[in-house]
Amino acid sequence: MIVVIKKNQDHKQVENLTNWITSLGLGIHMSEGENTTIIGLVGDTSKVDIDLIRSLDIVESVNRIQEPYKNANRKFHPADTIVNVSGHEFGEKHFQIIAGPCSVESEEQVVAIAHAVKAAGATILRGGAFKPRTSPYAFQGLRESGLDLLRIAKAETGMPICTEIMSEKYIDAFYDVDIFQVGARNMQNFELLKELGKLRKPILLKRGLAATIEEWLMSAEYIMANGNMDVILCERGIRTFEPYTRNTLDLSAIPILKERTHLPVIVDPSHASGLSRLVKPMSLASVGAGADGLIIEVHNDPAHALCDGAQSLRPEQFVDVVKSIDVMLPLVNKARD
Ligand code: PEP
Ligand code: MN
């Protein structure tokens with residue numbers, strides 16, 4: 001349910017209303033724009049007397065929200081949300097590029113790639129320490145020591161770090177990670193999402209392999225319902241019948257999400273296609289569709305990468321992709337840091 005407050009209302013009266021709503025056991029999502037204040041009611045609103053609220057002097061209108069996601073809903077929060085990741089903003093007019101290897105392999109590898117992607121224009125370093133592999137016999141990541149190598153790369157370049165968290169038991173070990181990635185395979189790991197909701201850390205929530213947009217938004221809702229509003233959505237391709245690409249990039253998800261939610265949306269063209277030669281065209285298509293950023297896999301020696309070499313760009317290819325993105329960004333009214 002959303003309650004729209006009339007312009008220039010007395011703060012005290014608005015507070016009385018929100019106090020009454022919370023006394024009914026409901027949560028509140030306040031959105032104070034320049035012209036309107038919207039109070040979103042979160043929880044079971046079936047027993048709320050809608051006519052009683054409508055009759056209040058300060059209230060302009062009251063409407064029930066059909067969608068099951070509330071905090072993530074643009075109706076609750078009409079303005080774009082800007083998520084700040086250690087000084088780099090995602091959303092609205094901002095565009096950020098996260099880049100780095102699929103997996104952290106060694107200090108030399110991650111530091112060299114970090115310097116290269118930073119010089120090319122990436123603002124955040126990615127690198128998997130804990131890897132969700134389909135096979136238990138495949139390289140599982142360097143785990144805690146991979147986090148240490150990311151810390152070294154962060155200290156050397158000043159880049160914030162983005163890495164995947166697969167279980168809530170590692171939250172403490174991730175204390176200085178700047179943005180926690182929830183991978184496609186964990187999009188519906190609800191216990192993990194609830195724990196991440198208790199943190200004050202940005203979360204990069206990837207779309208599940210076969211998740212609908214609504215299921216994905218409900219996963220964002222799990223994080224937000226627990227108090228953490230700093231969620232960035234990442235479209236990374238979905239599984240279809242098409243075998244020529246690793247996944248199928250659902251570009252239409254971007255404008256649909258922009259209608260439905262106020263959260264920033266970025267695209268991962270590397271996992272979406274599985275082919276390094278598709279990363280540039282898919283990146284440009286994502287910019288055109290309205291994405292707020294990209295996360296791209298870059299490796300200094302893709303042929304010998306321990307994971308996802310076929311979809312990884314060499315640093316010079318990454319430079320070329322960023323140059324093309326820069327040509328497009330003014331057309332969509334966005335700018336990189
Ligand atoms: C990754 O970013 O390396 C990764 C495993 O991504 P996804 O969860 O989208 O497959
Ligand atoms: Mn990968």
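Note that ligands are numbered from 1 as they come in the structure, with each ligand's atoms numbered from 1 the same way. On a predicted model such as this, the values are computed, not experimentally measured, just so you know.
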*asked:* Is the shortest side-chain heavy-atom distance between N186 and I165 below 4.5 Å?
replied: no
*Is there a side-chain contact between V85 and Q96, using heavy atoms and a 4.5 Å cut-off?*
no
_Any nitrogen or oxygen of D268, side chain or backbone, less than 3.5 Å from one on ligand 1?_
no
*Hey, is C102 one of the residues with a heavy atom under 4.0 angstrom from ligand 1?*
yes
*N/O to N/O below 3.5 Å, does that happen between E164 and ligand 1?*
no
_Looking at the Mn ion (ligand 2), is there an N, O or S atom belonging to H271 that lies under 2.8 Å away from it?_
yes
_Here's a test for you: under salt bridge (charged side-chain N to carboxylate O under 4.0 Å, His left out), which of K201, K154, R151 qualifies with D176?_
R151
_For R185, atoms of ligand 1 separated by under 4.0 Å from a heavy atom_ = 7 (P), 8 (O), 10 (O)
*asked:* For ligand 1 and A184, I'd like to know whether there is a polar contact (N/O to N/O, distance under 3.5 Å).
replied: yes
_Protein contact of atom 9 (O) of ligand 1 - nearest heavy atom, named by residue and atom, plus distance_ = R236 NE, 2.7 Å
*In E297, which N, O or S atom comes closest to the Mn ion (ligand 2)?*
OE2
_Taking 4.0 angstrom as the limit and counting only heavy atoms of E297, give me the atoms of ligand 1 inside it, by number and element._
3 (O)
*Ignoring hydrogens and geometry, is there a side-chain-to-backbone donor-acceptor pair from N228 to I223 under 3.5 Å?*
no
*Could you tell me which atoms of ligand 1, counted from 1 in the order shown, lie closer than 4.0 angstrom to a heavy atom of G183?*
8 (O)
*Do NZ/NE/NH1/NH2 and the carboxylate oxygens of R207 and D268 come within less than 4.0 Å?*
no
*ligand 1 atoms in contact with R126 (distance to a heavy atom under 4.0 Å)*: 1 (C), 2 (O), 3 (O)
*asked:* Check this for me, if you would: do R126 and E297 make a salt bridge, where the nitrogen-to-carboxylate-oxygen distance has to be below 4.0 angstrom?
replied: yes
*Between I53, I2, T18, V62, which is the residue that forms a side-chain contact (heavy atoms from CB on, under 4.5 Å) with I39?*
T18
_Angular separation of SG (C102) and OD2 (D308) seen from the Mn ion (ligand 2), to 10°_ = 90°
*Does a donor on one side chain and an acceptor on the other come within less than 3.5 Å for D308 and H299?*
no
_Are any of the N/O atoms on K206, whether in the backbone or the side chain, positioned under 3.5 angstrom from an N/O atom of ligand 1?_
yes
*Would you call K131 a ligand 1 contact, heavy-atom distance under 4.0 Å?*
yes
_For atom 4 (C) of ligand 1, the protein heavy atom that lies nearest, with its residue and separation_ = H271 NE2, 3.4 Å
*What is the ring orientation for Y170 with F130, classed by angle as parallel under 30°, tilted 30 to 60°, or perpendicular over 60°?*
tilted
*Short N-O contact, E67 and K75, less than 4.0 angstrom*: yes
